[in-house]
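The next block holds one structure in the form of C-alpha cells; read it before the comments.
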Amino acid sequence: MKWLSAHYQPTTLFSLKPSWATSSGGKSLLLPTPYALKMALLDVAIRVDGVTSAERDWAWLRRMPIGIQLPQQMVVTNLFAKILKLRRRPATEDSSDMGPFQKTIGYREYVFHSTPISFVFGVEANHLERLSVWLLNLNYLGKRGGFVQLMGMPTEIRDSAEFVMLTETPERFPINGLIQQVDDCDPKMKFDQANIYTSNRPKRIVRQIVLPYRLAKSSRSYSLYEHV
C-alpha cells in the first residue's frame with residue numbers, strides 16, 4: 001500500500017455535526033469524518049471522471065484508510081443563531097412570519113483552524129494518480145460552505161506513523177486525549193447507497209477515535225483546544 005499526503009488550509013470556519021446530533025443542537029466535530037471525506041472525494045470523482053468510472057472506483061474508495069494531522073490550536077465558537085425551520089402546522093393570521101418556514105433559534109458551533117490540516121490516504125499504487133487528481137479538485141469539507149484551499153501538490157510519503165488514523169478504532173484510550181465519534185462507510189456499502197437521488201439509505205459504521213488535544217480555555221462564547 002502507498003500513502004498519499006495532502007495539506008489543506010480552511011478558508012472559512014469549519015462545521016460538521018455528529019451523526020447523532022439534532023437540527024437544533026448543532027454541536028460540531030473538530031475534524032471531518034472519514035465518511036465526509038469519502039463523500040467529498042466521490043463527488044469530485046463523479047464530476048471529473050463521470051458516474052460510470054466513479055462507480056467502479058467506489059469499491060476501493062469506501063475502504064480507503066485515512067489519517068489526519070490537526071493544527072496545534074483550534075478554537076470553537078459557540079453561539080445561538082436565528083434559523084428558518086419547516087412548519088409543522090399552518091401559520092395563524094396574527095403570526096409575525098407567514099409562509100412554509102418559521103423563525104426559531106438554534107445552537108451552532110464553528111471551528112477555526114489557524115494552520116493547514118494534513119491528510120494521508122492509503123491506496124494501491126495503481127490508484128495513486130487518480131486520487132491525486134481528485135485531491136486537486138477537492139475544495140470543501142464538512143458542511144456546505146466549509147471551503148478549503150490545497151497548499152501544494154499531493155505527495156507520496158513513506159508511512160502514516162505521524163497521523164491519527166480515522167479509519168481504525170484504537171486499542172487503548174490514552175488519558176490525555178479528546179474522544180471524537182466519527183462515522184465511516186460500511187465496507188459493504190454499495191454505490192447506490194451513496195447516491196442521494198435514490199431511496200436507499202447509506203450504510204455507516206461509527207468509531208471512537210482519540211485526538212491528542214485538551215481543553216485549555218473556555219467561556220460562554222468559545223472553547224480553545226491545544227495539542228498535548
Spatial distance of atom OH (Tyr35) from atom CG (Leu166) [nearest 0.5 Å]: 16.0 Å

Whether His127 and Trp60 hold their rings parallel, tilted or perpendicular, with breakpoints at 30° and 60°: parallel

Hphob cluster co-occupancy, Phe121 + Leu150, side-chain heavy atoms under 4.5 angstrom: yes

Val210 to Gly177 - nearest heavy-atom pair and separation: CG1-CA, 3.7 Å

Side-chain cluster (under 4.5 Å, hydrophobic types only) that Val120 belongs to, other residues: Met1, Trp3, Ile157, Phe163, Met165

Between NZ on residue Lys17 and CG on residue Leu29, distance to nearest 0.5 Å: 11.0 Å

Salt bridge flag under 4.0 Å for residues Arg204 and Asp184: no

Thr198 side chain vs Asp192 backbone, donor-acceptor pair below 3.5 Å: yes

Shortest non-hydrogen contact between Lys27 and Pro18, atoms and distance: O-CD, 3.1 Å

Polar side-chain atom of Ser15 near backbone of Tyr110 as donor-acceptor pair, under 3.5 Å: no

For Phe147 against Thr12, the heavy-atom pair lying closest together: N-OG1, 3.0 Å

Cluster link Ile117 to Leu178, ILVMFWY, side chain under 4.5 Å: yes

Backbone of Thr167 reached by a side-chain donor or acceptor of Arg207 within 3.5 Å: yes

Side chain proximity check, Asn200 to Asn195, heavy atoms < 4.5 angstrom: no

Closest contact, heavy atoms only, Leu16 versus Phe14: CB-CZ, 3.6 Å

Joint cluster assignment, Ile66 & Leu138, ILVMFWY side-chain distance < 4.5 Å: yes

Distance-minimising heavy-atom pair for His7 and Ser118: ND1-OG, 2.6 Å

N-O pairing of Arg62 and Asp186 below 4.0 Å: no

Same apolar cluster (I L V M F W Y, side chains within < 4.5 Å links), Trp134/Leu42: yes

Hydrophobic cluster identity match, Leu215 and Ile179, side-chain contacts under 4.5 Å: no

Any donor-acceptor N/O pair, Asn137 side chain to Val133 backbone, under 3.5 Å: yes

Straight-line distance of Glu55 CD to Asp49 CG, nearest 0.5 Å: 13.5 Å

Backbone N/O of Tyr140 and side chain of Tyr8: donor-acceptor pair under 3.5 Å: no

Gln193 side-chain N/O to Pro202 backbone N/O, donor-acceptor pair under 3.5 Å: no

Option from Gln73, Lys217, Gln72 for which side chain to side chain donor-acceptor pair (under 3.5 Å) with Glu226 holds: Gln73

Neighbour count >12 (heavy atoms, 6.0 Å) for atom CD, Glu162: no

His113 side chain to Leu30 backbone, donor-acceptor under 3.5 Å: yes

Test applied, side-chain contact (heavy atoms from CB on, under 4.5 Å); reference residue, Leu37; option that passes from Leu141, Leu31, Leu61: Leu141

Side-chain ion pair, Lys2 and Glu124, N-O less than 4.0 Å: no

Closest non-hydrogen atom pair between Pro71 and Pro116, with its separation: CG-O, 4.2 Å

Polar contact flag, side-chain donor to acceptor under 3.5 angstrom, Gln9-Gln149: no

Donor-acceptor contact present, side-chain Lys203 to main-chain Pro187, <3.5 Å: no

Side-chain (Thr104) to main-chain (Ile83) donor-acceptor, under 3.5 angstrom: no

No-hydrogen, no-angle side-chain donor-acceptor test under 3.5 Å, Asp183 and Thr33: yes

Interatomic spacing from CG in Asn78 to CZ in Phe80 - rounded to 0.5 Å: 9.0 Å

Separation of Leu13 CG from Lys143 NZ (nearest 0.5 Å): 12.0 Å

Whether Ser53 side chain and Gly50 backbone form a donor-acceptor pair below 3.5 Å: no

Centroid-centroid distance, Tyr213 to Tyr225, less than 6.0 Å: no

From SG (Cys185) to CE (Met64), nearest 0.5 Å: 9.0 Å

